[in-house]
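One structure coming up, written as C-alpha cells, with questions to follow.
To find a chain, count down the sequence lines: A is the first, B the second, and so on, and within it residues start at 1.
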Amino acid sequence: MLSPKPQRAILGGLNDAQRRAVTSDAATVAILAGPGSGKTHTLTARVVWLVDHVGFRPEDVIVATFTVKAAREMKERIGKALGSGRENRIILGTFHSIARRYLAAYGRHIGLSQKFGIAVDADSREIIGRICKRLQSGIDPYAARAWISKKKAKGTEAASSNAAAQKAAKVPGLQHLDQCYREYQDHLERSNLLDYDDLLLRCAELLRKFPSCVSNVQAVLIDEYQDTNGVQYELMKLFAQRHRRITIVGDPDQSIYGWRSAEIRNLWRLLREFPDTDEVSLEENYRSSQSILDLSLLVIQQDKKRYQKALKPIHNKGSRPVLRKLKSASAEADWVVSEIKRVMMMSGSMLTHNDVAILLRTAALSRHIESSLGKAGIAYRMVGGHKFYEREEIKILLDYLRVIHQPENNDALARIINFPQRGIGKITVERLLEEAETSSLSVWAVLWKHCRGDRTAKTKLTKPAEQKLSVSLLRPLDDIRKQIGEASGPNGTPFGLVQMIEQLLATLDFQKQLQKEHPDDYEQRWANVQEFISLAADFVREMDRSDEDALPEIEGLQQTKEVEVLPRFLATVSLASDAQTGDDSHDNKPLVTISTIHAAKGLEWPVVFVPAVYNGSIPHVRAEDSDEERRLLYVAMTRAQSLLYLSYPVFGPNGNGERNELSPFVEPVSGSFLKKGPCFDRPVLGEIARILQRKLPPEDSIFKTLPAMFSPEDNLFPVDPEESRQDVKGGFSRGEFQSGENTSRIKRPRLHGPSAGQAHSEEVQWRREYTTTMEQSSTVTIASLPGFVSVGAHQAAITAANTTSEATQKAERIKRSSSRRPADQKSIVGFVRTVSGSARSAAAARIPESAKHNDAVPVRNPFAVQQPESAPTAQAIDPGLAGHKLGRGKLMTRPAVPNEEKPVRRTQYACFSSSPPRPAAAEDGKGNNSVEPDDDEPPPPPTRPAACLHATTFNLPKGLGGAIKRPAGLSRERITPLERLRKPFKPLTINRS
DNA sequence: CCACCGATAGTTTTT
DNA sequence: CTATCGGTGG
C-alpha cells in the first residue's frame, strides 16, 4: 500500500491533456478548463501523483478549496486514491480553515491570543451596526461592512497600489468609514475575535514574518482558482514560498465570487509572476449533453470580454433544454414539481429524486418550491443558506459555548444574558457593554466582580437579576470551564463536548425554557437541539478518528497543540456554512436538492431546474456586475447532465399585474429552447441513459408503474400562461396536443385561473381527485392500465416525432386531426356511462381503443391508433376484462408480449450490425452523435414506427419484427459494455449525500 | 426599565 | 417568513 503506485493506477481514466497536467514537471501548473472537464478530478490525480510518484510527504502538500463541501469531496477522492488514511495528513481545507490551523498553531508568534474566536457574519454585522449607531455618522452599516471587508480582502499588495488609493478616495464619507473600520477592528481585538478576512490577513502576516512555518511545504494546489481574492493570492504564494510549486485549476467563466472580492485578474497575475507556468487546457466536457452545452455557450458568449476556451462535448446531442413560462411563482413551483414527477415516472427506475436539483439565484426563492414539493410529498434537502446554525435555539446554545470558551466575547454574552429571562433588558445590556468598554474590562469580568463583591458595577442591576445571573449564568459556565481545565490534564480525557452541552441544557432547564417561550413549535426546536447534540457527537467522533487539524512539526519552531475540543468545534461551526447533517444515511430516501447556484458550483446532476430566470433575479436587482450574473447563470446551466429546465413566472408576486421580464441573458437565445418539457419516448430516454451511463429499464417495466391517468406530457400548465383563459373557453390551446384526454383537458386549464393563489389550491384539489381515481382504477380492470399506457405512449411518440421546431406545424396538423374525433369520443363516453356510471373513469374509457389496438391491429403507422375505434370493441372487451384484477400483475402474465419482443430486438440489432459500432467518445466527438437525429434536420417521416413505444412493447405480433423498418437511431438505448470501457474518462460522480 | 403585542417592511450570493 | 419598530401595561 505504501509503495508507489504504478503510474497507470494514477493516470488511468485520464485523457491526454489531463494526464499532461497531472504529470507536468513544471513547478507551476495552471489548468484552465470549462465546466465538466474533470478539473477537480485532475487536481486530485495530481495530488496523488505528487505524493505517490514524486514522493512528497502528504503533510508537505497543501490543497486549498473555497467551500467546505469541495474540501470534503476532495479529501474523499484523494483518500480513495491514496489509501492508508494518508489523505488525513495532507493539509487540505478551505483557505479559511487552513489559515485558522496555522494561526492556532503559530498565532502567538504574531501576538495572537491562543484562544481567539471567529466572528461570523452575524457578529460582524452586529458590531458594525452598533458602531454606526454610536457614531451617528449616517453610514449604512451594510455598506460599511462591505467596504471594510473589501478593503481587507484586497490584500496588502493591492492595497498599497496607487489605483486602490485613488479608488478609495472617491468613496463618500471616507472619514466615517475609516473610523468605523478602526473601531470595528478595536472591538474585535478586545473580544479576541478574528473575522473571516482577518483569518486570511493574519495568516499572511504570520507566514510573511515566519516563513519557517511553511518551510516543509513542497506543493500547493488550489481548486477554483478564479475565486481567489487578493489576500488569498498572497497566501497561496506564501504557502509555496519555499519551493514555489503551485498547481491551480480554474475557469474564468465560473468566477461568481466577485462580490467577495475575487479577482479573475489573479489568473494573469499568476502567469506574469510565474512565467514558466505550464498551461494546460482541458477541452472535453464529460458532463453535459451537447445541446445543454451549446445553449450554455450561447449564454456565456454574450460576454465579449471573456477569455475564450474550447469546450468539446463528448456526449450525444440529448434533448434540448426547456424554457418554460409560467403564470406565477407558485405556478412555476407546481410546474417544477409536476415535471419532476413526470421525469421520474417516465424514466422508470433510472432516475431518482437524488438526480434532481433545483438551483436558485437566492435562497429566498425556495419558499414556493419547498411548499410545492412538500405538498407533493417529495423529500428534499436545501443546501446553502445558513439555516441550521441560524435557528434561534441553536444560536443561543452556540453563544453559551462561545462564552464558555471566551468569557471576553461580549457580543455572545450580550445575546445570552437574558435567555432564559433574567430581567435584564436591552437598555441594561447596552449600559453594560458601555461600562465594559470604558473600564477596559469584559462584560463577563464586570459581572463576575460585581457578583463576588470585588467591584460594584456602575450599571445598576436589580436584586433578582443579580441573583439569576450568578446562579444560572456565571457560576454554571465557570464550573464547566473548570471541568474542561481539570479533565484535559495529564490523562488527556477531555471533558466531552456532548457532556458539556448536556450539562448546559440541564442547568439552564433549556427544554422547559423552550416550551415556555415557544409553546407552539417547541417540539421542532427541541428536535433541533437534539440534532445539534448529534452533530457535536459526530464532530467528536470524526476528530478522534483523524487528527486532521494537526500541522507537521517543524524543527526549531514552537507549535501550540490544539487539544481542546470546544474551540475546534466552534471554529468548524463558524467556518462551515451548512450544518451538513453527516448522517443522511439513516434513511436513504432519495432527496431532491434545492440549492443556491453558488453552492452548486462544482456539482452536477442529471436533471437541473433553474427557476426564476427573470430580470431582477438573474441578474439580481442589487448586483453590480452584470457579467458575473451571466456567469452565474452559466454555472447553473452547466450543472446539468442530461435535462435542463429554465423557467420564470410572467407575473410578479404582488398580484398587481407587475410583469417579470425574461432574463436578458436568456432572451436572445430563447428560441433555442423547447417551450415545454420534452417527450420521454424511448430514444430520448435512451440518450439520457447513455449520458449518465446507466441502464435504461425496459419500457414495459416503466409503463407498468405509471399510474392511470398519468399525463406523459408536460401539459398540465399552459405553454403561454397569458392565453390560458382563452384556452379554457376553447377547450384546447394551440400547440397543446391531446388525443383521448378531452375530458380531463377541459378541467386542466381551469387550474390557471385569474388568481394565482386560487389556481394553486385548485390544482392541489384536482390532483387529489386524480389520485383517488387512480387508486380506484387499479382495482377495476386490468385493461385500464395497458389501455391507458398505450395512449400515453402513443402521444409521447407523436410528440417525439415532432419536437423539432420545423416539425411543429406538422405536429399541429396531426394533433388537430387526431383530437377531432367525435365518433370515438362518443363511443367512449357511452362506454363509461354504461359500465361504471361514473365520469371519473375517464381512464377506463380508453380501454377499448387500445385494447383493440393491442389485440387486433398489427403494427403500423402509430398515428393509426388515432383512428376512431368503434363501439363494438368496447363491448367486446368489457365482459372479458371485468373479472381481471390488478393491472400490474396481469401485465406480467401476458406471455405473448415480452417474449416476443426480445427476438424482434435481436433481429434489429443484427440489422444494425452492418454499420460500424459507435466509436468511443474520445476518438470522435461527433461520430457518437451521428445516430441522433439533429434538431436542425428535417423531421422524420410521420410513419416513423419506433416513435411508438407502444408498438415496441406490446404490439409486435409474432413474425412482424422483420417487417418493421426501424431507423438507425432507435436502438440508441443500448450501451454496450465495450462502449463503456472505451469511455476515456469518467469523472467521478459526486456523492451528494 | 422590562415584557409583550401588533404592525411593518424588507430580504444576494459564502467563508 | 422574521427582525425591527412603536406602543401599552406591569
Side-chain angles (χ1 to χ4, degrees), chain A residues 64-71 93-100 118-126 129 133 142 146 149 152-153 194-201 203 224 227-229 231-232 235 255-262 359-368 370-371 383-387 389-392 395 417-431 459-462 464-465 468 516-518 521 571-578 595-602 612 616-625 628-629 631-633 635-636 653-654:
Chain A
T65 65
F66 281 82
T67 64
V68 179
K69 200 193 266 164
T94 61
F95 266 104
H96 292 86
S97 86
I98 294 174
R100 192 203 69 83
I118 296 167
V120 300
D121 210 52
D123 301 320
S124 304
R125 220 184 351 240
E126 202 182 309
K133 212 178 231 170
Y142 196 85
S149 176
K152 288 183 175 185
L194 299 181
D195 70 10
Y196 290 127
D197 300 309
D198 288 335
L199 282 175
L200 304 176
L201 275 173
C203 185
E224 306 280 16
D227 291 329
T228 47
N229 62 29
V231 203
Q232 284 163 335
L235 210 43
S255 168
I256 53 177
Y257 284 97
W259 51 274
R260 225 174 71 185
S261 310
L359 306 183
L360 309 166
R361 171 67 244 265
T362 69
L365 287 168
S366 72
R367 279 184 37 229
H368 286 118
E370 288 189 70
S371 100
V383 307
H386 311 223
K387 281 221 168 127
Y389 292 131
E390 302 239 304
R391 302 302 251 273
E392 195 192 347
K395 262 196 318 207
I417 203 164
N418 208 27
F419 185 98
Q421 288 191 358
R422 300 182 176 100
I424 299 169
K426 262 192 308 213
I427 291 160
T428 312
V429 171
E430 286 298 327
R431 286 185 185 165
T459 309
K460 68 171 181 186
L461 296 160
T462 62
K468 281 181 179 151
K516 207 174 88 191
E517 302 269 324
H518 306 280
D521 61 345
T572 307
V573 168
S574 305
L575 293 179
S577 59
D578 55 337
S595 172
T596 60
I597 298 172
H598 286 90
K601 192 161 69 152
S617 176
I618 299 189
H620 194 272
V621 262
R622 299 196 55 177
E624 69 243 8
D625 182 352
E628 177 154 314
E629 298 288 304
R631 292 193 292 267
L632 204 47
L633 180 62
V635 168
N654 302 327

Inset, instruction - Could you give me the CA-CA distance, side-chain angles and deciding distance for A:Ser149 and A:Asp197, then say whether side-chain hydrogen bond (donor to acceptor under 3.5 Å, both in side chains) is met? - result: CA-CA 7 Å; A:Ser149 176; A:Asp197 300 309; 2.9 Å; yes
Legend entry - Whole-Å distance separating the NZ atom of A:Lys152 from the P atom of B:dT15: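 It works out to 18 Å between those atoms.
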Legend entry - Nucleotide B:dT14, atom C1' - distance to CD of A:Glu390 in whole Å: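 About 12 Å, once rounded to whole Å.
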Inset, instruction - Please report, rounded to the nearest Å, how far the P atom of B:dC1 is from the CG atom of A:Leu461. - result: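 These atoms are roughly 12 Å apart.
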Inset, instruction - To the nearest Å, give me how far apart CG (A:Asp227) and P (B:dT15) are. - result: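 Between P of B:dT15 and CG of A:Asp227: 11 Å.
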Legend entry - Stepwise ring pair (Phe, Tyr, Trp, His ring centres under 6.0 Å) test for A:Tyr257 and A:Phe66: CA-CA 10 Å; A:Tyr257 284 97; A:Phe66 281 82; 7.3 Å; no
Inset, instruction - Quickly work out the A:Glu392 CD to C:dA3 P distance and round it to whole Å. - result: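 Taking CD of A:Glu392 and P of C:dA3, I get 8 Å after rounding.
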Inset, instruction - Could you tell me which residues satisfy side chain to side chain donor-acceptor pair (under 3.5 Å) with A:Thr362, sequence neighbours excluded, listed by chain and number? - result: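 Side chain to side chain donor-acceptor pair (under 3.5 Å) list for A:Thr362, sorted by chain: empty.
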Provide a list of protein-nucleic acid N or O atom pairs under 3.5 angstrom, restricted to nucleotides 3-12 of chain B.
unit_1	atom_1	unit_2	atom_2	d
B:dA3	OP2	A:Asn418	ND2	3.2
B:dC4	OP2	A:Gln421	NE2	3.3
B:dT12	O4'	A:His620	NE2	3.4
B:dT12	O2	A:Arg361	NH1	2.7
B:dT12	O2	A:Arg361	NH2	2.1
B:dT12	O4	A:Arg622	O	2.9

Inset, instruction - Mind calculating the distance between CG (A:Leu235) and C1' (B:dT15) to the nearest angstrom? - result: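 Between C1' of B:dT15 and CG of A:Leu235: 13 Å.
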Legend entry - Nearest listed nucleotide, side chain of A:Thr428, among B:dC2, B:dT14, B:dT15: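 Ranking B:dC2, B:dT14, B:dT15 by closest atom to the A:Thr428 side chain puts B:dC2 first.
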Inset, instruction - Verify, without hydrogens or angle tests, whether A:Thr596 (side chain) and A:Ala599 (backbone) share a donor-acceptor contact under 3.5 angstrom. - result: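 Yes, the answer is positive, given that a donor and an acceptor are paired below the 3.5 Å cut-off.
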Legend entry - Sugar-phosphate only, base, or nothing, as touched by A:Ser617 at under 4.0 Å among non-hydrogen atoms: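 Counting heavy atoms under 4.0 Å across all strands, no contact is made by A:Ser617.
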Inset, instruction - Please determine if A:Glu390 and A:Lys395 form a salt bridge, counting it only when a charged side-chain N lies under 4.0 Å from a carboxylate O. - result: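 Salt bridge flag = no for A:Lys395 with A:Glu390.
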Inset, instruction - Look at A:Thr596 and B:dT14 and indicate whether a side-chain polar atom (N or O) is within less than 4.0 Å of OP1 or OP2. - result: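 Answer is yes, contact under 4.0 Å.
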Inset, instruction - Pick base, sugar-phosphate or nothing for A:Arg100, based on heavy-atom distances below 4.0 Å to the nucleic acid. - result: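 Contact class for A:Arg100: none.
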Inset, instruction - Specify the separation, in whole Å, of atom CG of A:Leu359 and atom P of B:dT13. - result: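 Spelled out: CG on A:Leu359 to P on B:dT13 is 14 Å.
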Inset, instruction - Provide, to the nearest angstrom, the distance between the CZ atom belonging to A:Phe95 and the P atom belonging to B:dT15. - result: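 Rounding to the nearest Å, CZ of A:Phe95 and P of B:dT15 are 14 Å apart.
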Inset, instruction - Under the salt bridge (charged side-chain N to carboxylate O under 4.0 Å, His left out) rule, collect the residues that match up with A:Glu370, sequence neighbours excluded. - result: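 For A:Glu370 the salt bridge (charged side-chain N to carboxylate O under 4.0 Å, His left out) partners, ignoring immediate neighbours, are A:Lys387.
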Legend entry - Residue whose nearest DNA chain B nucleotide is more 5′ - A:Arg431 or A:Thr67: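 Upstream on the strand: A:Arg431.
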Legend entry - Lys/Arg-Asp/Glu bridge criterion (N-O < 4.0 Å) met for A:Asp227, A:Arg260: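 Here A:Asp227 does not pair with A:Arg260 in a salt bridge, since their nearest N and O are not under 4.0 Å apart.
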